[in-house]
Amino acid sequence: MKSKLILTLFTVLALFSAGTAQDMNNVKYPEMQKISSRRKIVIPDIPGFVTLKCDFHMHTVFSDGIVWPTYRVDEAWTEGLDAIAITDHIEKQPSKEYISGDHNASYEIAYPQAIEKGIILIKAGEVTRTMPPGHLNALFLEDVNRLDVEDVTAALTEARKQGAFIIWNHPGWQAQQPDTCLWMPMHQSLFEQGLINGIEVFNEVEFYPVVLDWCINRKLTVISNSDIHDIISDAYYLETQPRPLTLVFAKEKSSNSIKEAMFEGRTLALFNNHVAGREDLLKELLTASLTIKLLGNAKDKNEKRYEIINNSAIEFKVENQKGDLLIIPGESTIISALNPKYYENSRIINLLTGSNSCLTTNLLYK
Ligand SMILES: [Zn+2]
Ligand SMILES: [Zn+2]
């Protein structure tokens with residue numbers, strides 16, 4: 001009995017020491033494996049709508065991009081986006097010799113990954129022509145192949161027949177409009193036929209202020225897209241700012257709701273801490289972002305102490321009627337002594353309502 005017990009003890013000890021000994025064939029360092037995790041882009045919902053962070057313009061190896069379609073989904077997930085459209089060029093496929101010319105392929109390859117990661121993937125293509133009309137993205141397509149026709153108006157008419165939302169891309173791209181950013185007679189004609197529904201105000205790292213005026217005056221939807229061809233984290237400083245994003249105010253998080261919101265013009269264009277678009281939406285976003293509390297009197301009897309909580313990643317730059325600048329950093333709380341009289345008509349200088357105008361509001365509303 002005793003010897004049996006000793007033997008069991010020896011067996012346990014032997015097993016224990018074998019478990020802790022270093023394996024001489026294969027040593028793993030799991031702590032060196034980067035864990036893939038999703039970032040959060042903090043932008044609040046507005047009353048009645050969810051705020052979706054979207055990029056409707058990007059390329060893969062199926063046109064002149066350098067990545068496989070599933071990688072666009074992974075990038076979007078990591079960065080904290082809700083929806084993307086892969087928009088490979090219909091008329092420009094430099095790798096066609098090696099990679100299928102089917103224009104639906106990038107969507108079909110990326111789709112299962114999008115389902116797995118909860119990213120809304122929109123079937124799309126980029127109609128790629130010389131100026132005019134230049135490049136246009138058709139979103140929410142059924143069959144991209146049917147847009148591969150010679151006449152550009154026929155291609156866009158086919159897109160509309162499929163229910164597409166059509167965006168005029170990078171109108172101020174200097175390769176196509178070297179001197180000025182022009183709305184040409186052909187754009188007017190397409191617009192009148194309902195073949196331009198929105199325009200990129202931001203593309204890649206560019207801003208076209210004049211285009212913001214076009215959108216406001218013609219009630220066109222403002223769009224901000226990356227047009228990424230390379231790897232997104234190599235192209236932007238994502239640790240501090242997201243890629244260009246279209247904020248879509250949708251009734252719910254779904255492809256159909258995004259489409260409805262885009263046709264209704266319920267978007268804002270965000271890039272480099274500037275938000276551009278309709279005044280009413282900018283005001284809703286500012287109101288949803290800030291919680292302002294009156295704390296009491298300040299030393300100066302004309303001033304009061306306020307606590308301002310910014311529930312958004314966007315840093316608001318407020319210019320009061322005296323021209324003083326108040327910075328409200330993203331996702332932060334500040335306490336400031338302010339004279340409310342000077343903030344009745346505050347200019348929020350990074351919330352843009354036109355090429356030369358910004359949102360004006362009574363910041364302290366008391
Ligand atoms: Zn383009
Ligand atoms: Zn493009």
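As the structure is a computational prediction, the values presented were derived from the model and not from experiment. Remember, it's 1-based here, ligands and their atoms both numbered in the order they're listed.
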Residue pair Glu75, Met58: steps toward the side chain to side chain contact (heavy atoms under 4.5 Å, CB included) verdict = CA-CA 11 Å; Glu75 287 178 325; Met58 61 192 67; 5.8 Å; no
Worked verdict on Val61 versus Trp68 for side chain to side chain contact (heavy atoms under 4.5 Å, CB included) = CA-CA 6 Å; Val61 287; Trp68 191 248; 3.7 Å; yes
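At least one cation-pi condition fails for Arg72 and Trp77: the charged atom is not both under 6.0 angstrom from the six-membered ring centre and inside a 45 degree cone around its axis.
Metal site remark for the Zn ion (ligand 1): His57 contributes no N, O or S atom at a distance under 2.8 Å. Within the coordination shell of the Zn ion (ligand 1), defined by N, O or S atoms under 2.8 Å, Asp227 is absent.
Summary: ND1 is the N/O/S atom of His135 found nearest to the Zn ion (ligand 1). Looking only at N/O/S atoms, His170 comes nearest to the Zn ion (ligand 1) through NE2. Restricting Glu126 to its N/O/S atoms, the shortest distance to the Zn ion (ligand 1) is reached by OE2.
Ring planes of Trp214 and Trp168: parallel class, angle under 30° (limits at 30 and 60°). A tilted orientation is assigned to the rings of Tyr111 and Tyr107, their planes being inclined by 30° to 60°.
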